[in-house]
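This one's a predicted model, so the numbers in the text were calculated from it and none came from an experiment.
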Amino acid sequence: MAKAIEQIGVFERLRSGEPIRLSDPEYYKINEVVGRTIKLSQLLNTATDVNSIRDCLSEIIGVRIDDSTTIFAPFYTNFGKFISIGKNVFINHACSFLDMGGITIEDDVLIGPKVNLITENHPLDPGDRKALLTKPIIIKRNAWIGAGATILPGVTIGENSVVAAGAVVSRDVPPNIVVGGVPAKIIRSIPHSKS
């Protein structure tokens, strides 16, 4: 069994939520991606137009971001390799995406300024605290994340849902719901549009 685990690369193990420790023989691969992302982030955050920002973020994540999507700088990510961004997405300034667990943003999503998407955590055990534990975040189609909200590891925001400004979301949000507060709680449902 140990040999089978060793054959699975560190990135796959990271995405699967397996604890990754500093002593992992492939940890250097994570550091290589982080180093590359730090360098590219400097270019992104000194870009002078939205097309250049999109180009830089496309290079960081390794996939071309659709021209219908707009990202404002500054934009922060520690890894970048596990971010997926759909079409017609708007990401306002000063957002921070810690994506080692994977961040998926579907089409038509609005993300307000200073939003934090955090897929990374650490064990409670002080002796193992430096290990990385990750869980993905998924923002479904047409969701709106308000200014300064924080989405924690493993959370899915449902289609058409709204996260109020300043909320801290630690549990999945069903579709067509408004949540707010710390921790976020359901405030109300969103009626279906008549169009």
Would you kindly confirm whether I118 and V163 end up in one hydrophobic cluster when ILVMFWY residues are joined by side chain heavy atoms under 4.5 Å apart? no

Do N121 and T134 pair up side chain to side chain, a donor and an acceptor below 3.5 Å, judged on atom types alone? no

I83 reachable from I145 in the ILVMFWY side-chain graph, under 4.5 Å edges: yes

If we only count heavy atoms from C-beta on, is the L132 to M100 side-chain gap below 4.5 Å? yes

Does any N or O in the side chain of H122 come within less than 3.5 Å of the main-chain N or O of A131, such that one atom is a donor and the other an acceptor? yes

Considering only NZ, NE, NH1 and NH2 on the basic side and carboxylate oxygens on the acidic side, decide whether R13 and E18 come within less than 4.0 Å. yes

For the hydrophobic clusters of this structure (ILVMFWY residues joined by side-chain heavy atoms under 4.5 Å, transitively), does one cluster hold both V179 and V182? no

Heavy-atom side-chain contact between P123 and L133 under 4.5 Å: yes

Looking at side-chain heavy atoms only, is the closest gap between E120 and K135 below 4.5 Å? no

So, taking the atom named CG in N160 and the one named CD1 in I157, what distance separates them when rounded to the nearest 0.5 Å? 12.5 Å

Would you say F82 and I91 are hydrophobically clustered, going by side-chain heavy atoms of ILVMFWY under 4.5 Å? no

Salt bridge check: are E32 and K29 linked by an N-O gap of less than 4.0 Å? no

Correct closest heavy-atom pair for V115 and G112 would be CG2-O, 3.2 Å

Under 3.5 Å, is there a donor-acceptor pair between the side chain of T119 and the main chain of P136? no

May I ask you to test the I111-I105 pair for a side-chain heavy-atom distance under 4.5 Å? yes

Compute whether any side-chain donor of one residue and acceptor of the other, for N142 and D108, lie under 3.5 angstrom apart. no

Ignoring hydrogens and geometry, is there a side-chain-to-backbone donor-acceptor pair from S84 to T104 under 3.5 Å? no

Can you find a pair of side-chain heavy atoms, one from R141 and one from K87, that are under 4.5 Å apart? no

Would you check if I60 and T77 make a side-chain contact, meaning some heavy-atom pair closer than 4.5 Å? yes

Note: I71 and V50 closest approach over all heavy atoms is O-CG1, 4.2 Å

If you count every heavy atom of other residues, nucleotides or ligands that lies below 6.0 Å from L124 atom CG, does the total exceed 12? no

Is it the case that R21 places NZ or CZ above or below the six-membered ring of Y27, under 6.0 angstrom from the centre and within 45 degrees of the axis? no

Restricting to non-hydrogen atoms, name the atom on C95 and the atom on N92 that form the minimum distance, rounded to 0.1 Å. SG-O, 3.3 Å

Using atom types as modelled and distance alone, determine if a side-chain donor or acceptor of N176 lies under 3.5 Å from a backbone N or O of I190. no

Does the side chain of D67 reach to within under 4.5 Å of the side chain of R54, using non-hydrogen atoms? yes

Is there a side-chain contact between D107 and D66 in this structure, where contact means two heavy atoms from C-beta onward sitting under 4.5 Å apart? no

Those residues that, when tested against N45, pass side chain to side chain contact (heavy atoms under 4.5 Å, CB included) (two or more places apart): S41, A73, P74, F75, Y76

If you compare all heavy atoms of D99 against all heavy atoms of N78, which two are closest, and at what distance to 0.1 Å? N-OD1, 3.5 Å

What is the minimum heavy-atom distance between A167 and G180, and which atoms define it? CB-CA, 4.0 Å

Would a distance-only check, ignoring hydrogens and angles, find a side-chain to backbone donor-acceptor pair under 3.5 Å from T69 to I85? no

Donor-acceptor contact present, side-chain S68 to main-chain N88, <3.5 Å: yes

Expected output: side-chain S58 to main-chain I65 donor-acceptor under 3.5 Å: yes

Donor-acceptor pair, S52 side chain versus L44 backbone, under 3.5 Å? no

Taking all heavy atoms of P175 and all of S161, pick out the closest pair and write down the distance. C-OG, 3.3 Å

At what distance, to the nearest 0.5 angstrom, does CD1 of I137 lie from CD1 of I103? 5.0 Å

In terms of hydrophobic clusters joined by side-chain contacts under 4.5 Å, are V10 and V34 together? yes

